[in-house]
Amino acid sequence: MKKTTKSRRSVPVIRRACLGALAALAAIGAATGCAREERRTASYPLVIRVESQPGQPVPGASVSFQGRSVGRTDDAGTVTLSVRGAEGEHVTIGIRCPEGFVATGKAADVVLHALEDPTRKPEYDVECRPLRRTIVVVVRADRGPNLPVMYLGREVARTDDSGAAHALLDVPASEDVEISLSTVDAANQRLRPQNPSMKFFASDPSDLKVFSVPFQVEPEARLYRSERRLPIRIN
């Protein structure tokens with residue numbers, strides 16, 4: 001029986017083939033890595049818009065990316081920046097509200113993508129809620145002239161002869177507000193209802209509140225005095 005033997009020359013050939021295959025795979029991996037690197041370093045422009053309730057721009061808000069400040073919002077409440085990353089990647093944009101405001105969230109979650117129109121930029125809205133608000137209260141008190149408008153125990157306005165008044169209140173944005181019309185004076189004891197009030201939330205979007213009270217005036221009580229009649233003598 002004839003014994004089969006392997007050629008010594010076949011070993012280096014196989015080794016060279018393996019090395020060539022490994023080199024090819026390394027080249028493919030390097031090319032893929034370069035493509036990924038190129039995709040990661042793409043620049044994506046975007047706009048951050050910071051607003052307060054009810055939709056007012058907030059200038060001076062600080063915007064940061066990866067712990068580094070990248071700008072502040074202008075008078076329109078916006079800042080334009082460019083972020084490097086991959087298409088579809090989620091990145092975090094930090095927002096620090098200016099004094100007198102508090103952020104409703106810690107940061108803005110941004111998805112990097114390019115729009116079909118190169119002249120446009122993706123916009124992301126962030127809210128900075130004001131700590132205090134200015135509210136205008138309009139009072140309409142029918143049949144209620146010269147009545148004090150009360151807030152937190154102090155007079156902030158007084159109705160005129162027609163029962164109209166208005167007050168400008170600086171109130172905490174996170175609290176309820178209650179105003180009332182005082183009818184404690186003796187001249188107003190017959191007005192109904194007595195000491196009417198109105199509550200509203202300072203966080204409501206509207207800056208104008210209307211307090212309308214249609215007073216009724218009770219008729220003045222009359223005292224009737226009966227006359228004592230003497231008995232009639234019959235003859």
Practice prompt. Identify whether the distance between the nearest side-chain nitrogen and carboxylate oxygen of Asp170 and Arg132 falls below 4.0 Å.
Written response: yes

Fill in: CZ/Arg190: more than 12 non-hydrogen atoms of other groups inside 6.0 Å
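For Arg190, atom CZ is crowded (more than 12 foreign heavy atoms under 6.0 Å).
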
Kindly indicate whether the side chain of [X], heavy atoms from C-beta on, has any atom under 4.5 Å from the side chain of [Y].
X	Y	result
Pro122	His113	yes
Glu155	Met150	yes
Thr73	Pro57	no
Leu46	Lys121	no

[X] and [Y]: which non-hydrogen atoms are nearest, and at how many Å?
X	Y	answer
Pro98	Gly60	CB-O, 4.0 Å
Arg158	Pro148	NH2-CG, 3.5 Å
Cys128	Val50	SG-CG1, 3.6 Å
Arg49	Glu123	NH2-OE1, 2.8 Å
Ala86	Glu89	N-OE1, 2.8 Å

Discussion item. Under 4.5 Å between side-chain heavy atoms, counting indirect links through other Ile/Leu/Val/Met/Phe/Trp/Tyr residues: same cluster for Phe201 and Val210 or not?
Written reply: no

Practice prompt. Report whether Val111 and Leu81 are members of the same hydrophobic cluster (ILVMFWY, side-chain heavy atoms less than 4.5 Å apart, transitive linking).
Written response: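 Shared cluster, yes.
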
Item to complete: Show which residues join Leu131 in its hydrophobic cluster (side-chain heavy-atom contacts under 4.5 Å, direct or indirect), or state none.
Response: Val102

Worksheet item: For Leu181, which fellow cluster members are found when Ile, Leu, Val, Met, Phe, Trp and Tyr are connected by side-chain heavy-atom distances below 4.5 angstrom, either directly or through intermediates?
Response: Ile135, Val137, Val139, Leu147, Val149, Tyr151, Leu152, Val156, Leu169, Val171, Val177, Ile179, Leu191, Met198, Phe200, Phe211, Val213, Phe215, Val217

Discussion item. If the condition is salt bridge (Lys or Arg N to Asp or Glu O under 4.0 Å), which residues does Glu218 pass it with, not counting sequence neighbours?
Written reply: Arg192

Item to complete: Quick one: list whatever passes salt bridge (Lys or Arg N to Asp or Glu O under 4.0 Å) with Asp117, sequence neighbours left out.
Response: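 With neighbours one apart ignored, the set is empty.
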
Whether [X] side chain and [Y] backbone form a donor-acceptor pair below 3.5 Å:
X	Y	value
Ser203	Ala173	no
Tyr44	Glu87	yes
Asp204	Ser206	no

Practice prompt. Apply the test side-chain contact (heavy atoms from CB on, under 4.5 Å) to residues Ile95 and Val63: give CA-CA distance (whole Å), side-chain angles for both, the deciding distance (0.1 Å), then the verdict.
Written response: CA-CA 5 Å; Ile95 305 295; Val63 180; 3.9 Å; yes

Fill in: Residues which pass side chain to side chain contact (heavy atoms under 4.5 Å, CB included) with Leu168, listed by chain and number, not counting sequence neighbours
Thr134, Val136

Discussion item. Using the side chain to side chain contact (heavy atoms under 4.5 Å, CB included) criterion, which residues pair with Glu127? Sequence neighbours excluded.
Written reply: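 Listed in chain order: Gln53, Thr104, Arg129.
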
Practice prompt. Would you give the length of the straight line joining atom CZ of Arg84 to atom CD of Gln66, rounded to the nearest 0.5 angstrom?
Written response: 11.5 Å

Practice prompt. Report the distance from atom CZ of Arg72 to atom OG of Ser62, rounding to the nearest 0.5 Å.
Written response: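 Going from CZ on Arg72 over to OG on Ser62, the span is 4.5 Å.
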
Worksheet item: After noting the C-alpha distance and the side-chain angles of Tyr124 and Ile93, does the key distance pass the side-chain contact (heavy atoms from CB on, under 4.5 Å) rule?
Response: CA-CA 10 Å; Tyr124 297 87; Ile93 305 296; over 6 Å; no

